[in-house]
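Single-structure report; data block below.
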Number of protein chains: 2
Amino acid sequence: MVVMVTKTKRAERRTDALSKERIVEAAIEILDTDGESALTFRALAARLATGSGALYHHVASKNDLLTAATEEVITGVMTGLAPGDEPRAAIQAIALGVFDAIDAHPWVGTQLAQEPWQFAVLPVLEGFGQQLQALGVLGPAQFDCASALLNYILGLAGQYAAGVRLLAGVTDRTAFLATVADRWADLDPARFPFLRQAAPQLPAHDDREQFLAGIDLILAGITATSGSRRSSAR
Amino acid sequence: MVVMVTKTKRAERRTDALSKERIVEAAIEILDTDGESALTFRALAARLATGSGALYHHVASKNDLLTAATEEVITGVMTGLAPGDEPRAAIQAIALGVFDAIDAHPWVGTQLAQEPWQFAVLPVLEGFGQQLQALGVLGPAQFDCASALLNYILGLAGQYAAGVRLLAGVTDRTAFLATVADRWADLDPARFPFLRQAAPQLPAHDDREQFLAGIDLILAGITATSGSRRSSAR
DNA sequence: GATGATGTTGGAACAACGTTCCAAAAGGTT
DNA sequence: AACCTTTTGGAACGTTGTTCCAACATCATC
């Protein structure tokens, strides 16, 4: 009983001690509950009952903070994956994991779309590459395919995050899509026949399902082009 | 006096008169020459030899300004396309047009990746949809495929723009990619075998070529899954 | 021409932000 | 106790988007 209080006083001295982990955790809470625009160093300092200057002893900048927060979410996604799947299923699992993470934390989508060279994307790209290798994709095509998958996800990340940003309080995504559909339906019929025709299916569609459809499309392309025969549709 | 009929005689009053077109034009010049961070209402007012307040009589907000500038560039791309092409070639032409526009104006990439619901993306999506229809893609798959192509482009747009932002003055993109490659080569071999192996080909690769490879991949997937013949490469 | 009405201009002012600075406090070591 | 290092927290700085408002220009009407 008495042995527990031996060393490491530093960690236990003050329960409210500041640390990068605690700051990132508080930042994620603010981002999740009040949105990206609510994350300011003043709001963060207020929540942690400290001053802005103290935060800068643990965090280099706001960019550093957002990067760390994104990293936290993405590594959580990648470590939670079941290994040993069939390559195609594994790729879908990775993609869906990122999608769900962005669905739960839309600010991650903004961050990934805006800073795609940050560390957080590397585990995703690595995961794609490994599975493509397992799929039998050869040489430089591996990187092309992995990059295509990643770009597709990053594009959707930005789109999804922007949608949430436009909602700004409205929790109903269907209502948002209905608004977009209305705008599409009012477009010039001569210039936008396709969008006018596609508008009705916009509010009804399932984001997650369409996302997976895109992944399957790319996977089908990979299968078609990387096999022994080259399907030149000319 | 009840005489207040508007005659809408918005004639040209002065040659140096302010207008939304002139403001957008000046904004594009600043964005192109000095980068996205250089575009402030003060810098814009200085370049147009006026005050910030005057600008707000023609432009609602900075977002409005960026949206208008992006629209200007994208409509320029879409109207410059030669019609009557074969569908697959037409899709590639649209994609390459957007890619080249982002290459020439990296801030367009930022804008598209960040605000994908703005008007500027609609002509692109419409173009894809029309060509897919011509390709014989049926029903809801049209929208899935068009959306996949668009998301891929938007993801690459953000990635490309972020790369330029990180360069910040260095004109050599190869040098930037070499830096990234070095960082990849230093990764943990146990966790990142694929990226370490892919690193050497990073500085050498052609962005435009890889971009087209991704488009071809998606097109191959479309052909494989939606055509009359199903190329089951199993 | 003079006169209002209407819209434009330009610069000062405001609130908010990220960031820096620094004096006080806390903690650890001798 | 005395000293040094790290941490804290709040004030202050410079910059941003935006608003406000007094001066100005333009034009239909007297």
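Please read all numbers here as calculations on a predicted model, not as lab measurements. To find a chain, count down the sequence lines: A is the first, B the second, and so on, and within it residues start at 1.
- If you measure from atom NE2 of A:His57 to atom P of C:dA23, you get 14 Å, rounded to the nearest angstrom.
- Comparing A:Ala54 and A:Leu39 against DNA chain C, the residue whose closest nucleotide sits nearer the 5' end is A:Leu39.
- Between A:Ala60 and A:Ser37, the residue whose closest nucleotide on DNA chain C is further toward the 5' end is A:Ser37.
- Atom CG in B:Leu55 sits roughly 9 Å away from atom P in C:dT9 (whole-Å rounding).
- Separating the CZ atom of B:Phe41 from the P atom of C:dA16 is a distance of 19 Å, rounded to the nearest angstrom.
- With rounding to whole Å, A:Lys62 atom NZ is found 8 Å from C:dC17 atom P.
- Within the nucleic acid shown, A:Leu44 has no heavy atom closer than 4.0 Å to any nucleic acid atom.
- Between A:Ile23 atom CD1 and A:Leu55 atom CG the span is 5.0 Å, to the nearest 0.5 Å.
- A perpendicular orientation is assigned to the rings of B:Phe99 and B:Tyr160, their planes being inclined by more than 60° (bins at 30° and 60°).
- Taking atom NE2 of residue B:His58 and atom P of nucleotide D:dT19, one finds them 16 Å apart after rounding to whole Å.
- Counting only heavy atoms from C-beta on, A:Ser61 has its side chain closest to C:dT19 among D:dG17, C:dT19, C:dG10.
- No side-chain N or O of A:Thr67 forms a donor-acceptor pair with one of A:Glu115 less than 3.5 Å apart.
- With distances taken from any side-chain atom of B:Tyr56 to the nucleotides D:dT19, C:dC14, C:dC17, the minimum falls on D:dT19.
- In this structure, CD1 of B:Ile23 is placed 11 Å from P of C:dT8, rounded to the nearest angstrom.
- Going from atom CD1 of A:Ile30 over to atom C1' of C:dC17 covers 14 Å, rounded to whole Å.
- The structure places CG of A:Leu150 at 10.5 Å from OH of B:Tyr152, a figure rounded to the nearest 0.5 Å.
- We find that B:Arg191 and A:Glu126 are not joined by a salt bridge, their nearest charged nitrogen and carboxylate oxygen being 4.0 Å or further apart.
- Remark: P of D:dG17 and CG of B:Leu65 are 10 Å apart, rounded to the nearest angstrom.
- Each of C:dA13, C:dT19, D:dT8 was ranked by its minimum atom distance to the side chain of B:Arg42; first place goes to C:dA13.
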